[in-house]
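Bear in mind the structure is a predicted one, so any value in this text is a computation, not a measurement. Sequential numbering from 1 along the given sequence is applied to the chain's residues.
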Amino acid sequence: MSFKSIPILDLDQSRDPATKPEFLSQLRDALMEVGFLYLKNVGISQELWDEVIRQGKGFFDIPQAEKLKIEMKNAPSFLGYSQLSAEITAGAIDHREQIDLSTEHPIPSPDAPRYYNLLAPNQWPAEESAPGFRSTYTEYMRQMGEITIYFTSLIAEAIKLPRDAFEKYFEADPQHKLKIVKYPDLAELGLPEGTQGQGVGPHKDSMLTSYLLQATNHRGLQVQNVKGEWIDCPPIDRTLVVAIGQGMEALTQGVCVSTTHRVLSPSAGTGARFSIPFFQGVKLNATFEELEKIGIGEVPEDVKEQRQKIVERNGGRIDDVEFTFHKGSIATTVGEATLRNRVKSHQDVGERWYPDILKSIREEQAQAAQKQETRNAPRSAAEVTPTAVEAH
């Protein structure tokens, strides 16, 4: 049977030798069966947790003129503020407003590869407009970076790899990313009740792992099982929702599964949904050839057999894992592919800073549309190859 709910794991159990084996068993099942899980007792204090939510919501109350001073298209880094409906997923407009932040890095040297433009200082709101915002999110990203490195080591242990198996894919000073996202309800969007507003279209996360703090009690996040059914992933207080990315799926050759998910706009009259996803970063200069070298050969046979049984039970089989970024081999590194993906999602930034990449992407999309018209076979949402993006 395909999954019908999202498992809840207690990270405290991983810190106790007496309960760690049971935690790793539960984690292995979640990785293979679902690709999503709730994580509680992550180690963030209640004070910081509450302040992250308060400051995140409060950002959107800043006057629009102040937010536009830090608009994403001001810089080639794709960090900064995005106005409502400025992003595209699965070929459609997402109804969300957001700010993108990251662990900060200096501006790259002029001779650095172009994708190193993604590494940059943040565009922060002015301190007088958002007192404490910068310090709160700097500290949250620092703590979350430590938590994600630890959790990735647990993933390795869960599938019986050395706990440091994935460390070779991290920079000494990795760029982790964070979004603060506001999803207006249908009434604010001017859409009729009963409309299925697209907060974020169907997609899979791109890298290794991501961690979502659902900052309001709205439903909206949904995860798709192998039968094509959309399973609700409602907020649970003091938990993070962990999603396995396509990078992790590729590195483990399908043992850890990356799962399609989406966000629906809130119903009219329920107010905006707020969420704060954190995305673990990997080396931008890692090549796809390097990423694939770990191979399924390094995963023990009993683990591979367990995954195979799950696939067979669900009426499928293990195919060669397709790392979305590797399509067409236009990009050979994670950085090149990430840059192309960001241009595809934020075309206003692409028009200003990367017009050549945007032109190439639009030509690819036109060719794909022409092929689809030739086939004349409309596809369901479940049949569309999900885009690799970073959003919840």
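- Electrostatic pairing of Glu336 and Arg114 does not count as a salt bridge here, judged by no charged N lying under 4.0 Å from a carboxylate O.
- Looking at Lys20 and Glu157, a side-chain N of the basic residue comes within less than 4.0 Å of a carboxylate O on the acidic one, giving a salt bridge.
- At distances below 3.5 Å, not a single donor-acceptor pair connects side-chain atoms of Gln214 with backbone N or O atoms of Ser275.
- The minimum heavy-atom distance between Gly269 and Ala187, with the atom names listed, is N-CB, 4.3 Å.
- Within the 3.5 Å criterion, the main-chain N or O of Gly132 finds a donor-acceptor partner in the side chain of Thr136.
- For Arg352, the salt bridge (Lys or Arg N to Asp or Glu O under 4.0 Å) test picks out no residue, with sequence neighbours left out.
- Annotation for Asp232 and Ile6: closest pair O-CG1, 4.2 Å, computed over non-hydrogen atoms.
- When ring centroids are compared, Tyr137 and Phe59 stay outside the 6.0 Å threshold.
- Ring geometry for Phe60 against Phe274 counts as tilted: the plane angle lies between 30° and 60°, on a 0 to 90° scale.
- Side-chain contact annotation: Glu97 with Tyr81, donor-acceptor N/O pair under 3.5 Å present.
- In this structure, His105 and Thr103 approach most closely via the heavy-atom pair ND1-O, 2.9 Å.
- Side-chain atoms of Gln198 and Arg262 include no donor-acceptor pair closer than 3.5 Å.
- Gln224 and Glu229 are not linked by any side-chain donor-acceptor pair at a separation below 3.5 angstrom, with hydrogens and angles left out of the test.
- The shortest non-hydrogen separation linking Ser102 to Ala120 is OG-O, 4.3 Å.
- Closest heavy-atom contact between Val349 and Ala75: CG1-O, 4.0 Å.
- Salt bridge status for Lys160 with Asp302: present, with a side-chain N to carboxylate O gap under 4.0 Å.
- One finds no salt bridge joining Arg96 and Glu188 here, because no Lys/Arg side-chain nitrogen approaches an Asp/Glu carboxylate oxygen to under 4.0 Å.
- Judged purely by distance below 3.5 Å, without hydrogens or angles, the side chains of Asp100 and Gln123 never pair a donor atom with an acceptor atom.
- With hydrogens and angles left out, the side-chain atoms of Asp94 and Tyr183 include no donor and acceptor closer than 3.5 Å.
- Put simply, the side chain of Glu104 gets close to the backbone of Asn122: a donor and an acceptor are under 3.5 Å apart.
- Inter-residue side-chain proximity for Arg340 and Ser360 is flagged as met; some heavy-atom pair is nearer than 4.5 Å.
- Under 4.0 Å is where a charged nitrogen must lie from a carboxylate oxygen, and between Asp12 and Arg15 at least one such pair does.
- A distance of 6.0 Å or more separates the ring centres of Phe279 and His176.
- Ring planes of Phe36 and His261: perpendicular class, angle over 60° (limits at 30 and 60°).
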